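So the structure is just underneath, and the comments pick up after that.
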There are 2 protein chains.
Amino acid sequence: MSANLQQQLQHRGHRLTKQRQAILAILSHTPQSVAMIRHTLHEQGFHFDKTTIYRNLHSLVQHGLVLATKLQDDGLYYELASHHHHHHVQCQNCGRIEDIELDEHALLQNAAAHSTFAIKQHQLEFFGICPQCQS
Amino acid sequence: MSANLQQQLQHRGHRLTKQRQAILAILSHTPQSVAMIRHTLHEQGFHFDKTTIYRNLHSLVQHGLVLATKLQDDGLYYELASHHHHHHVQCQNCGRIEDIELDEHALLQNAAAHSTFAIKQHQLEFFGICPQCQS
DNA sequence: GACTTATTGCAACTAAGTTGCAATAATATC
DNA sequence: GATATTATTGCAACTTAGTTGCAATAAGTC
C-alpha cells in the first residue's frame, strides 16, 4: 500500500489495522470480486471474517479510495480508485478484465443531448472475447 | 399481451398459462425490478409463487422476449425486448427510469478502437436527476 | 375426453450480505 | 512506556434474494 493511501486513511481518523492493510495490498487497478479478494487473502494465510472484509470495502468506497463496478455476474467488483475515469472489457469466456479508455466527452455530450435529466454518472462495461480465447 | 408475443411463445412450445400472461401483461418497455413486478401482481389479485415469477422471467429472457438490465441497486430490472437497442437514465432521487437513445455506432467504434477484445455486448446506464426532481 | 408434458406451488435450501455486541487493538495523551 | 479513547474486529444470528427437487396441476394435442 502506498504511503499516500496510508496518509489519506489516517488523516480521516481511520486506523491502519493489519486487516485493512492486507485488503488494500490485494486491491489493484483491475476490478476483483469479493470472492476473489477473500480467496487471495486465504492463500496468503489471512483468515479474516467476511464481515470485516465487507465493512472495509464499503468504507473505502465511501471515502473514494476504492471503486465498485458491476460486471457480468452478480455482486460488485472492487478496484483502487485511479486518477482517471475509465471502463472495462470482460472476457465472456475466461473472465479476464482489461481497462478500456474511450472518449468520455463525446459520450457525455451524446447522452446529454438526448435526455432531459441532469446526468451525474454512468456505468459502462463491455463484454466480448479476449485475444487469447479467440485463438 | 400482443398476439405477436403469444404466437412467438406457442411456436416454441411454451404454454400460455394465466401466470405467464399476467406477467407479460405487466412488463412494458420500462425496466421493472422483480419486487415491482410482484407488487403489481399482488395489487391485481394474483398470488403466484416467487419461483413461478423467477422461472418465467428467466425463460422469457432466454428466448429473447424480455431484456434484463442492471441499474442502481442490486438485482435485475426486466422489460419487454424492443426492436431497437437502447439505454436508460435513472433518477437518483425518485428512481424514475427513462429511455435514452444515443449514437450506438460511434460508441462501438470508439470501444473497438481502444481494445484488442472482440466486443460482443455492452452495458450502459446513466444516473442523474429528472426534471421533476430538479425543481 | 384422454394423453402428454410444460408449468406451477410448495418446502427446503443456498449464498450474499447485514446487524448487534462484547472483546480487541491502533492511535493519541500523558 | 503505561493509560485512555474509540475505531475495528470476530462471532453468531439474522435477513433477503434467488434456486432446486418433486409431486400435483393444467395447457395444448389427438
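All values reported here derive from a predicted model rather than from experimental measurement. These values consider heavy atoms only, across backbone and side chains, with no hydrogens, waters or symmetry-generated copies. A, B, ... follow the sequence lines: proteins, then strands. Residue 1 opens every chain.
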Check nucleotides 9-12 of chain C against the protein and report each pair of N or O atoms closer than 3.5 Å, with its distance, or say if there are none.
residue: C:dG9; atom: OP1; partner: B:Gln19; partner atom: NE2; Å: 3.2
residue: C:dG9; atom: OP2; partner: B:Asp49; partner atom: N; Å: 3.4
residue: C:dG9; atom: OP2; partner: B:Thr52; partner atom: OG1; Å: 2.7
residue: C:dG9; atom: N7; partner: B:Arg55; partner atom: NH2; Å: 3.2
residue: C:dG9; atom: O6; partner: B:Arg55; partner atom: NH2; Å: 2.6

Test item: B:Leu76 and B:Lys70 side chains (from C-beta on) under 4.5 Å apart, heavy atoms: yes
Over 12 foreign heavy atoms within 6.0 Å of CG, A:Asp49: yes
Same cluster (ILVMFWY, side-chain, under 4.5 Å), A:Leu102 and B:Leu102: yes
Side-chain touch B:Phe46/B:Ile53, heavy atoms, less than 4.5 angstrom: no
Flag side-chain contact, heavy atom, 4.5 Å: B:Thr17 against B:Gln21: no
Smallest separation among heavy atoms of B:Ala118 and A:Gln134, with atom names: N-NE2, 3.3 Å
Shortest non-hydrogen contact from B:Ala81 toward B:His29: O-CE1, 4.0 Å
Within residues 31-40 of chain A, residues whose heavy atoms come under 4.0 Å of DNA chain D: none
Euclidean distance, B:Leu80 CG relative to B:Leu27 CG, rounded to 0.5 Å: 5.0 Å
Atom pair CG/CD1 of A:Leu41 and A:Ile26 - distance to nearest 0.5 Å: 3.5 Å
Transitive ILVMFWY side-chain link B:Val66 to B:Phe48, under 4.5 Å: yes
Whole angstrom value for the distance that separates P of C:dA6 from NE2 of B:His11: 16 Å
Residue of the set B:Asn56, B:Val34, B:Thr69, B:Leu67 for which side chain to side chain contact (heavy atoms under 4.5 Å, CB included) holds with B:Tyr78: B:Val34
Separation of A:Phe126 CZ from B:Lys120 NZ (nearest 0.5 Å): 15.0 Å
Close approaches to DNA chain C from residues 64-81 of chain A, in residue order (heavy atom, under 4.0 Å): A:Gly75
Between protein and nucleotides 27-30 of chain C, what N or O pairs are separated by less than 3.5 Å?
residue: C:dT27; atom: OP1; partner: A:Gln10; partner atom: NE2; Å: 2.8
residue: C:dT27; atom: OP1; partner: A:Leu16; partner atom: N; Å: 2.7

Pairwise ring-ring contact (aromatic ring centres under 6.0 Å, His included) hits with a residue in residues 86-109 of chain B, at least two apart: B:His84-B:His86, B:His85-B:His87, B:His86-B:His88, B:His87-B:His122
Contact residues, residues 56-63 of chain A to DNA chain D [heavy atom, < 4.0 Å]: A:Asn56
Shared hydrophobic cluster for A:Leu124 and A:Ile119 (ILVMFWY, side-chain gaps under 4.5 Å): yes
B:Leu9 CG - D:dA27 C1' separation (whole Å): 13 Å
ILVMFWY network linking B:Val61 to B:Leu71, side-chain heavy atoms under 4.5 angstrom: no
